[in-house]
Structures are given as structure tokens and as C-alpha cells.
Engineer: 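My questions all concern the structure below.
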There are 2 protein chains.
Amino acid sequence: MEYYREDSAILLAVDCIIFGFNGESLQVLLIKRDFEPERNKWSLMGGFVQPDESPELAASRVLKKLTGLENVYMEQCSVFGDPKREPNSRVVSICYFALIDTQKYTHILSEEYEANWFPLQNYPTLIFDHDQMIASAQHRLRIKAALYPILFELLPEKFTIPQIAALYEGVYNIEFDKRNFSRKLLSSDLIIKLEEKDKENSKKGAFYFKLNTAIYKEKIMSFLRYLPSWFPEN
Amino acid sequence: MEYYREDSAILLAVDCIIFGFNGESLQVLLIKRDFEPERNKWSLMGGFVQPDESPELAASRVLKKLTGLENVYMEQCSVFGDPKREPNSRVVSICYFALIDTQKYTHILSEEYEANWFPLQNYPTLIFDHDQMIASAQHRLRIKAALYPILFELLPEKFTIPQIAALYEGVYNIEFDKRNFSRKLLSSDLIIKLEEKDKENSKKGAFYFKLNTAIYKEKIMSFLRYLPSWFPEN
DNA sequence: ACAAAAGTGTTTTGAATACACCCATGG
DNA sequence: CCATGGGTGTATTCAAAACACTTTTGT
């Protein structure tokens, strides 16, 4: 029972903007394409949506293929569909951004793909409109992270408050008052203090914390910002 | 020069969630489908993305076809792509929401399509996943309207403060303190007071205002909410 | 000792909220 | 003249921002 004419079928792809945090700056994971066109140029990891597969599933599959990771925080962002975005084919691409804890990314980077982390401030020229994709994902990340504590997805099990501060500073490219930041975070009940201290990065040492997953999951909470009571949740 | 195999090409559609405001409640414009499948059932207005056309252009085309309007505020929202979302075909649909001033919508509604405005609180059952589409667009509208004054797109040239208040109350389904709302709006410099009063809806009458388009366009401003200085703009 | 980062206490600022009260007018 | 919605003035609250100061420890 086909009702529609198939003559305007289009290739539909997903591209993954994979964000990571190395403790210092926000990074994005890029690959060197091993196929034509644009072979050997830097690009986002992507793939085609298969006939029996939802775009979300395609994005997860593509992410797993590169990183080996599953159950990763992913979010749909913009669709890029200009007819001329690829010179030789008509491909519409749905972008997803993923947030991963780089410590879980144990894949040998250059085994299958020549993949590499690059700082968001300074990554190589990418094929097609992939730079725009990153820019738009970054913008969305900023909006979302201001409303919800999703940046914790980028952190390992144990982390220190100065590390989170550095992460937020990296995402927004701004300097916070670390003292106020620390207090605000503590008062949110989102994090649980551990015994251990990180002595690597300072003389005094900063306490490690872990995420209070109950509060993290249950409460779709306002976080860094003041939100009026009528603001829509989730 | 074709590089990709075309065997996984997919039908790509756009669906338009068209919001309007009749002075009382937020409305959505729906059509009765005049083609199979699901002929004569209520649905969003949609169409297929053509090979030479971007999704944005397709959405504008579809909107114009129904309403006759161009240069309308539109925004991409979610993609719906579950393989089983349409029972008989594989169609991935990109949603757009549009905000239109219903007074400009002069098209004779039932001429080509049997179109009708329905209140968002109470519209008929729709085909496929169109209810989800509306819900997701509504959510996005709420978020966006809290950050930017986009709801003015729904208002005619001349409007009163009580009208805007009603609009915001409709969007968030909440009651504001009209006195504070009014003051906040005035202090934003977004609106310019006119001489004339609307005497229809109250004995005292409410002054008409017009949008200060310079401020509206130029300033991507925080509006109803307190926004920290580091919050990403636009 | 002292530099340097971690963290606490306290004050100031300003937006959001609450609400008393005046204004204009049609019935 | 009074009920009704429009609108102003003023007080309160509470989080954000600012910043003085203490704590810890490697060098």
C-alpha cells in the first residue's frame, strides 16, 4: 500500500557532535574520513539513516561505532538540508550532540578511524557545513546547560568543584567567581562530598565529589539560573 | 559523480505547527487531509521536501500554500523519524512552528483545504504522531518565548497590554499579576504607546501600543526572565 | 615564610513578587 | 454612584554578585 510517489526520496544522514572534557577545555571528537568524497579530510562522525531505523537509533549506532560507548547522553539539534551542502549529492543531515566522559572513551583512537580530540576553540577546517553544525550544537549546549545540569555527563565519577567550574567556564568562555560557584553547586544538593582529595592540581587539594544521581535524574531542575515558577520544566 | 549508494533514500517531509492568537486563547491551525492515506482526518499541514529545496524553503512553501503568508516567523523544531510513525510508508518529518497574526490570515479557510483554528487546549485527534509534534512545538515555544519576545509575532500592529498578558497567560497556562506584567513590559522599551484606546473590552479602556521594531530586531534581549550576563544570546 | 589555590562569611544589589490604592467609564 | 478592569506606587523577598578573609600545604 504505497500512497506517496517515491521520486523525491532523499538521502538522510545523521552527524554526531561529540563533546568531551579533558579537565582543561571543552573538546570535540573528529575523524579523518576514510571514504570518498573528501577522503582524508577532517569531519564529524556520521552515517546514513537506514530504512528500518529511527534517526535517534542511527545516531547511537554511529556513536557506538566510533567510541564503543552506549547509553550516552545525546540530544537532537538542527537539521542541515541545503540542497548544495554537499557538492555531489543531496544529503539532508540531522545533527545530534553527545556528551561523553573522556575517561570512558577507551577505544584506541586511530584503530578504525583516525579520530582525535580537538579543543573547541581551535579545530581543523571541516568538510561541508560541519563547522556550522558544531557552532549550532555548541549554542544549544550552552542554552541547555544553563537550564539543566547536563554538563555532569562530561565528568568522570569523581570530580572536584574546580573541575566543574573550569568546565562551565569553558562552555561559556567566561570566568566565574569560583567562590560563589562552589557555594551554589553545594546548595543544589546535586553533588555528594567524598573523603578523598585531589592533590594533583593544588597545594591545599580539592575534595572529590560524586553526582547525586537521585536528584540529578528525578529533578528536572533549574540550576545555575533563577527561573520563575511558571517556566516550563523538562 | 555519485559517491553514495541511493538504496537507503527516504521520503523527507515537513510539518507546520501554525500558532495563532485570537485575543483570547492560543490556537493551532489544522487541516482536513484531502488525500490518502487518512483522507478526511485532521492533521497538520505538511509536504515533502523537494530535491532542489531546503527543508526551510519547503516549510515556507507549505505555509504559504495554506495561509497565503510569506516572511512569517518560523523555527525548526524536532524531527520525527520513527520507522513506524506512518503505517504504510517510511517518512521522516521535520517540524517547524510558525507564529502568525491571525488578522493577516485572510485566506478563505475552506477554499482549498478544510482548515480551521482550534484552541491548543482542545483540538481533535490527529493522524500519526501529529499530537506529539504539537506538544513538542508548544514546549519549544514556551522555552523560546521565555527568553525572547517572539510572542509579539502573534499580535496585530496595534495591541493592548492586557492582550499581551492574555497571550502569555495562554502560552504558559498560568495567571500573571497583570500590574507587574504591565510595568515589566513598559520598562523593556519594546512597545510604544499610541494615542488611541481600545474601549471594547473594558470601561476605562486600555491604550494601544505598537512594537518598537528597532529594539525588537536589534536586541536579542532577555525579556521576562532574569538572565545572567554570560547567558548565550540569540 | 610565603605563594597559590580552596573554601567560608558577610554585604550589597536588583529583579521578581505582592499588594494597597488611584483612575476612568459604562451601566 | 458603583462595579469593573486599567494602571501606578511602594514594600518585601530572595537569589546573584561582590569581596574580605581563613584554611591548607608544597616549595
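Below, read A as the first sequence line, B as the second, and so on, with proteins coming before strands; counting in each chain starts at 1.
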Engineer: Can the ring centres of A/W42 and A/Y123 be said to be less than 6.0 Å apart?
Structural biologist: no
Engineer: Rounded to the nearest Å, what distance is computed from the CD atom of residue B/E200 to the P atom of nucleotide C/dG26?
Structural biologist: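 Taking atom P of C/dG26 as the reference, CD of B/E200 is at 12 Å.
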Engineer: Which whole-number value in Å describes the distance from A/K184 NZ to D/dC14 P?
Structural biologist: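 Nearest whole value for this atom pair: 15 Å.
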Engineer: Angle between the two end axes of the helix from C/dA1-D/dT27 to C/dG27-D/dC1, five base pairs per end, rounded to 10 degrees?
Structural biologist: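 One end axis against the other gives 10°.
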Engineer: Ignoring the backbone of B/K199, work out which of C/dG26, D/dG9, D/dG26 is nearest its side chain.
Structural biologist: C/dG26
Engineer: Could you state the atom-to-atom distance from CD1 of A/I164 to P of C/dG7 in whole Å?
Structural biologist: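 Nearest whole value for this atom pair: 10 Å.
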Engineer: Give each protein N/O atom lying under 3.5 Å from an N/O atom of nucleotides 5-7 of chain D, with the pair distance.
Structural biologist:
unit_1, atom_1, unit_2, atom_2, d
D/dG6, N2, B/K204, NZ, 3.2
D/dG6, N3, B/K204, NZ, 2.9
D/dG7, OP1, B/F207, N, 3.3

Engineer: Rounded to whole angstrom units, what separation is found between the CZ atom of A/F181 and the C1' atom of C/dA6?
Structural biologist: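 A/F181 atom CZ is separated from C/dA6 atom C1' by 14 Å.
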Engineer: Under the side-chain hydrogen bond (donor to acceptor under 3.5 Å, both in side chains) rule, collect the residues that match up with B/N180, sequence neighbours excluded.
Structural biologist: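 Residues passing side-chain hydrogen bond (donor to acceptor under 3.5 Å, both in side chains) with B/N180: B/R183.
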Engineer: Determine, for B/E169 against B/K178, whether the closest basic-nitrogen to carboxylate-oxygen distance falls under 4.0 angstrom.
Structural biologist: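 Salt bridge present between B/E169 and B/K178.
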Engineer: Are the aromatic ring centres of A/F128 and A/F80 under 6.0 angstrom apart?
Structural biologist: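 Here the rings of A/F80 and A/F128 have centres that are no less than 6.0 Å from each other.
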Engineer: Nearest-Å distance, CZ (A/F159) to C1' (C/dA6)?
Structural biologist: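 Going from A/F159 (CZ) to C/dA6 (C1'), I get 16 Å.
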Engineer: Between atom CG of B/L44 and atom CD1 of B/I127, what is the distance when rounded to the nearest 0.5 Å?
Structural biologist: 8.0 Å
Engineer: Decide, yes or no, whether a salt bridge links B/E75 with B/R140 under the criterion of side-chain N to carboxylate O below 4.0 Å.
Structural biologist: yes
Engineer: Is the B/F181 to B/Y168 ring centre distance short of 6.0 Å?
Structural biologist: yes
Engineer: Please report, rounded to the nearest Å, how far the C1' atom of C/dG14 is from the CG atom of B/N180.
Structural biologist: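 Spelled out: CG on B/N180 to C1' on C/dG14 is 15 Å.
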Engineer: Would you kindly give the CG-to-C1' distance between B/D177 and C/dA15, to the nearest whole Å?
Structural biologist: 15 Å
Engineer: Would you verify whether the NZ or CZ of B/K197 falls within 45 degrees of the ring axis of B/F207 while also being under 6.0 Å from that six-membered ring's centre?
Structural biologist: yes
Engineer: Among A/D198, A/L194, A/L211, exactly one meets side chain to side chain contact (heavy atoms under 4.5 Å, CB included) together with A/K158. Which residue is that?
Structural biologist: A/L194
Engineer: Whole Å only: how far is the CD atom of B/E175 from the C1' atom of C/dT17?
Structural biologist: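 Between C1' of C/dT17 and CD of B/E175: 15 Å.
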